[in-house]
Amino acid sequence: MRIELQDQFNIEDLHFIDNKKFEKVEMFQVLILKQGRAEVRVDFDIFELSAPAVVFISEYQLFEIIPKNSVHASLLRFSKEFFCIKLHRKETFCDAVLFNTSETLPYLSNLNSSSESIFNLLNDLRIEMNSDHHSLWQDVLITKLKLFLLMLSREKLKIETNNRKLFTEITLDFQNLLEKEHTNQHSVQFYADQLHISPKRLNEVLKNDLEKTCSELIKEKLIVEAKRELYQNKKSIKQISFDLGFEDPAYFSRFFKKQTNLSPLNYLNIHLAS
């Protein structure tokens with residue numbers, strides 16, 4: 001059971017002074033920076049953070065830590081099979097507040113006043129994870145994880161003083177659907193049909209919440225995924241195009257260049273040279 005748990009939920013302590021790059025994984029991750037100062041790269045954005053701070057990494061996001069001095073951190077990971085953030089949306093708010101990759105900054109900083117509570121909850125999770133397993137063990141662990149995510153969500157909402165409104169249910173459902181279907185479906189009509197509204201209404205909601213149209217968000221998602229794959233340099237450009245739902249690699253290359261002003265090959269070469 002412990003082997004199965006490691007694939008679903010784990011907490012790892014990190015101590016390092018050199019760059020640490022993580023493979024993209026099908027898990028949600030929470031980095032708790034306890035000591036030190038570092039640049040943290042999430043996909044293609046870099047944030048400079050000093051402890052105490054917390055960073056939120058969604059499924060499949062690229063993730064790298066570039067320390068400025070000795071870093072001590074913990075990395076909590078959980079799969080959607082272990083804890084589905086969408087099913088627990090109303091309990092933790094974390095799919096809208098913590099792991100929303102479209103609009104929100106993926107970190108919490110300036111946590112001196114609340115860091116002790118966050119560290120204590122993390123320690124409770126670690127103790128429960130390593131405890132003797134019993135009939136209610138997983139339920140207890142999930143309950144403690146809910147409390148941990150809820151505290152982080154509330155802290156993030158409290159710190160964000162720019163009065164950012166919470167997104168509507170339609171926008172959250174669209175984002176979840178896009179995450180699931182972007183490799184198969186590129187049309188606005190598909191997403192509107194699945195959400196049981198007209199394309200016009202969907203665009204109105206998304207423009208109001210995210211200041212982008214449905215088409216813009218679909219293209220943005222495809223480009224981010226393409227860049228992730230090119231960055232890792234493990235697949236051919238042809239394979240990446242097929243994986244993202246493009247039947248014609250030449251069309252994918254034209255699409256990528258139109259959105260980024262670089263061909264996929266040029267983008268890859270620039271990355272390899274950097």
Side-chain angles (χ1 to χ4, degrees), residues 1-14 20-32 40-45 54-65 73-89 91-107 122 125-126 128-129 138 141-142 144-146 148-149 152-153 172-186 191 194 217-218 220-237 239-246 271:
M1 189 165 185
R2 288 185 182 275
I3 294 175
E4 293 177 0
L5 174 63
Q6 288 296 316
D7 295 332
Q8 301 284 322
F9 176 92
N10 60 73
I11 301 172
E12 178 185 1
D13 285 325
L14 306 172
K20 193 169 182 65
K21 186 180 294 186
F22 299 84
E23 294 290 323
K24 67 174 188 175
V25 294
E26 192 179 356
M27 297 181 83
F28 295 94
Q29 302 179 86
V30 181
L31 174 73
I32 302 94
V40 178
R41 176 176 184 164
V42 180
D43 276 339
F44 309 102
D45 295 316
V54 183
V55 184
F56 309 100
I57 304 99
S58 294
E59 295 174 301
Y60 301 114
Q61 284 193 295
L62 298 169
F63 170 37
E64 182 179 6
I65 306 173
S74 292
L75 183 63
L76 181 152
R77 289 177 167 177
F78 64 91
S79 69
K80 60 176 176 286
E81 289 77 19
F82 182 80
F83 182 80
C84 180
I85 65 173
K86 299 174 182 62
L87 291 179
H88 296 282
R89 174 184 296 172
E91 297 169 85
T92 66
F93 317 114
C94 60
D95 68 328
V97 179
L98 304 182
F99 298 105
N100 186 316
T101 60
S102 297
E103 292 297 310
T104 62
L105 290 173
Y107 64 84
L122 179 68
L125 277 165
R126 182 183 283 105
E128 188 62 37
M129 181 183 71
Q138 186 162 317
L141 189 56
I142 288 174
K144 290 181 181 290
L145 179 59
K146 283 183 189 177
F148 182 68
L149 295 173
L152 293 172
S153 292
L172 291 175
D173 287 342
F174 166 77
Q175 291 176 320
N176 292 334
L177 188 61
L178 181 63
E179 191 68 37
K180 179 182 177 182
E181 298 288 354
H182 67 273
T183 58
N184 302 311
Q185 301 291 340
H186 301 170
Y191 293 96
Q194 291 296 305
L217 290 164
I218 294 169
E220 184 179 88
K221 178 64 175 175
L222 291 170
I223 291 298
V224 167
E225 294 294 336
K227 285 181 175 180
R228 287 176 183 170
E229 295 293 352
L230 291 166
Y231 180 83
Q232 294 191 110
N233 194 28
K234 292 183 177 180
K235 297 179 182 178
S236 67
I237 293 172
Q239 185 60 53
I240 292 171
S241 69
F242 289 151
D243 288 349
L244 291 177
F246 292 87
H271 163 63

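Please read these numbers as outputs of a predicted model, since none were measured by experiment.
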Taking C-beta and beyond as the side chain, do L62 and Q232 meet within less than 4.5 Å on heavy atoms? yes
Ring-plane angle category for H186 and F246, please: parallel below 30°, perpendicular beyond 60°, tilted otherwise. tilted
Are the side chains of K24 and Y231 in contact, using a 4.5 Å heavy-atom criterion? no
Check A226 against I240 and note the closest heavy-atom contact, atom names and distance. CA-CG2, 4.4 Å
Min side-chain heavy-atom separation K146-I142 under 4.5 Å: yes
Backbone of S58 reached by a side-chain donor or acceptor of Q61 within 3.5 Å: yes
Please answer whether the main-chain N or O of D43 pairs with a side-chain N or O of R41 as donor and acceptor at a distance below 3.5 Å. yes
Side chain to side chain, D243 and E229, heavy atoms closer than 4.5 Å: no
Pair E128 + K144, salt bridge at N-O below 4.0 Å: no
Taking all non-hydrogen atoms of both residues into account, name the closest pair between L222 and H182 and its distance. CD2-O, 3.5 Å
Does K234 pair with E23 as a salt bridge, N-O distance under 4.0 Å? yes
Taking the six-membered ring for Trp, are the ring centroids of F78 and F28 within less than 6.0 Å of each other? yes
Can you tell if the side chain of F99 reaches within under 4.5 Å of the side chain of V30, non-hydrogen atoms only? yes
